[in-house]
Amino acid sequence: MARKKIFTKEQLETLSANEINQKIIYENYSLLRTLGAEDLRKEMVPVGKACKTVVEYFVLSTGPKNNYEKHSKNARKKLVKVLSKIAPGEYKGFPKDTRNGLVVGFNHPSLGEIGRIMMMKIDVMGDSTMLFPVNLPWYEALAPFYDKIKMLGIIITPTITPATWKKMKLKKGTLLYEAGNRLKHEFKDMYTNLSHEVIKNGGVIFVAPSATRQEKVFKNKAVYDGTEPIIPTMSVLALRLYKDPEMNCDFLPMAVLPPENYKRGLNMRKKYKLIPGEPMTAEYIRKKYFGDKTPEKLEGFDYEFHRRIADQLPKSFWF
């Protein structure tokens with residue numbers, strides 16, 4: 001494959017996040033390489049190649065090729081059948097009706113749960129769209145086959161997590177820092193706007209509140225105790241969605257219990273357990289966190305959501 005292209009100074013200064021994203025998907029550009037983080041991009045290349053092989057198998061080995069909807073549905077059915085063998089997962093008690101949309105937040109100990117989550121969603125919740133915000137290094141590995149992933153009912157959108165931003169080591173005041181910082185915030189806006197669209201159409205959003213692969217539900221005991229701040233991943237999303245007075249989606253905590261002796265990777269042929277926690281319903285969220293006005297932030301929302309995940313897991317996974 002041709003070497004990844006670098007964005008010019010003018011492109012970094014003038015292109016919107018959406019335009020940058022389109023060039024990553026369709027024109028072989030790399031924002032990571034442009035920002036001097038080629039090492040982060042290369043780390044995910046093997047995973048990207050593996051995912052490409054898997055996705056193309058399901059798309060190319062099914063049909064009918066002249067009917068997109070039937071082709072997509074058949075590809076998803078085959079995906080569930082194969083994943084149940086190579087990426088087994090146990091999941092019970094998940095809601096089947098997602099007409100009002102659903103936000104599912106999960107602890108993220110490895111890459112392995114992603115395949116199990118996709119299998120569960122298609123198997124239990126049907127054909128509605130699922131949205132995954134994806135950290136930029138992983139996103140760039142998947143972006144070249146974005147349309148094939150979308151055929152499987154999966155929409156991915158780029159994010160720059162705090163951990164990745166720190167690893168980039170960009171010097172404040174430089175062009176690269178300013179461009180990266182702008183795009184970091186614009187990618188977040190893209191995600192929240194897309195989230196609203198997906199939910200309004202009865203889709204499901206899957207998001208890891210930790211914003212990175214992390215073994216524990218809470219980053220450390222200080223976060224659990226409330227003496228260190230918690231990343232406001234879920235509350236930021238709730239604020240955006242519930243600005244719409246007609247929004248009725250629930251927020252569902254989901255505990256991921258990985259297999260014994262698991263690693264940070266895919267852990268193929270090992271069984272994961274996906275365990276739904278007590279949902280935070282639309283009625284509950286509006287009553288407790290919004291009242292009669294829209295606040296600037298939702299105090300305590302993220303902690304409560306994390307705790308509902310932790311309550312489904314052994315305490316060794318709490319912090």
Check your understanding: Step by step, would you call K23 with F7 a side chain to side chain contact (heavy atoms under 4.5 Å, CB included)?
Key -> CA-CA 9 Å; K23 287 186 173 294; F7 291 98; 3.7 Å; yes
Exercise for review: Could you tell me which residues satisfy side chain to side chain donor-acceptor pair (under 3.5 Å) with E19, sequence neighbours excluded, listed by chain and number?
Suggested key: S16
Exercise for review: Please collect all ring-ring contact (aromatic ring centres under 6.0 Å, His included) contacts where either partner lies in residues 135-186, sequence neighbours excluded, each pair once.
Suggested key: W165-Y177
Practice item. With sequence neighbours left out, write down each residue that passes salt bridge (Lys or Arg N to Asp or Glu O under 4.0 Å) with K9, or none if nothing qualifies. Key: none
Check your understanding: Which residues satisfy the salt bridge (Lys or Arg N to Asp or Glu O under 4.0 Å) test with D311, sequence neighbours excluded?
Key -> R307
Point to revise | From E304 atom CD to M280 atom CE, the distance as rounded to the nearest 0.5 Å | key: 4.0 Å
Point to revise | Heavy-atom donor-acceptor pair, K221 side chain to F319 backbone, under 3.5 Å | key: no
Check your understanding: Taking only residues at least two apart or on different chains, which pairs with a member in residues 107-126 satisfy ring-ring contact (aromatic ring centres under 6.0 Å, His included)?
Key -> F106-H108
**Study point:** Contact list for residues 232-247, test side chain to side chain donor-acceptor pair (under 3.5 Å), sequence neighbours left out
**Key:** N193-R240, H196-D244, K200-D244, S235-D302
Exercise for review: Check ring pair (Phe, Tyr, Trp, His ring centres under 6.0 Å) between F187 and all other residues, then give those that pass, not counting sequence neighbours.
Suggested key: none
Review point. What pairs with R99 under salt bridge (Lys or Arg N to Asp or Glu O under 4.0 Å), at least two apart in sequence or on another chain?
Key: D97
Check your understanding: What residues, two or more places apart in sequence or in another chain, satisfy side chain to side chain donor-acceptor pair (under 3.5 Å) together with Q312?
Key -> none
Practice item. May I ask you to check whether Y272 and Y262 place their ring centers less than 6.0 Å from one another? Key: no
Exercise for review: Write out all pairs satisfying side chain to side chain donor-acceptor pair (under 3.5 Å) with one or both partners inside residues 40-50, taking only residues at least two apart or from two chains.
Suggested key: E38-R41
Check your understanding: Taking only residues two or more places apart in sequence, or in another chain, which ones meet R264 in a side chain to side chain donor-acceptor pair (under 3.5 Å)?
Key -> none
Check your understanding: Does R116 have any side chain to side chain donor-acceptor pair (under 3.5 Å) partners at least two apart in sequence or in another chain, and if so, which?
Key -> none
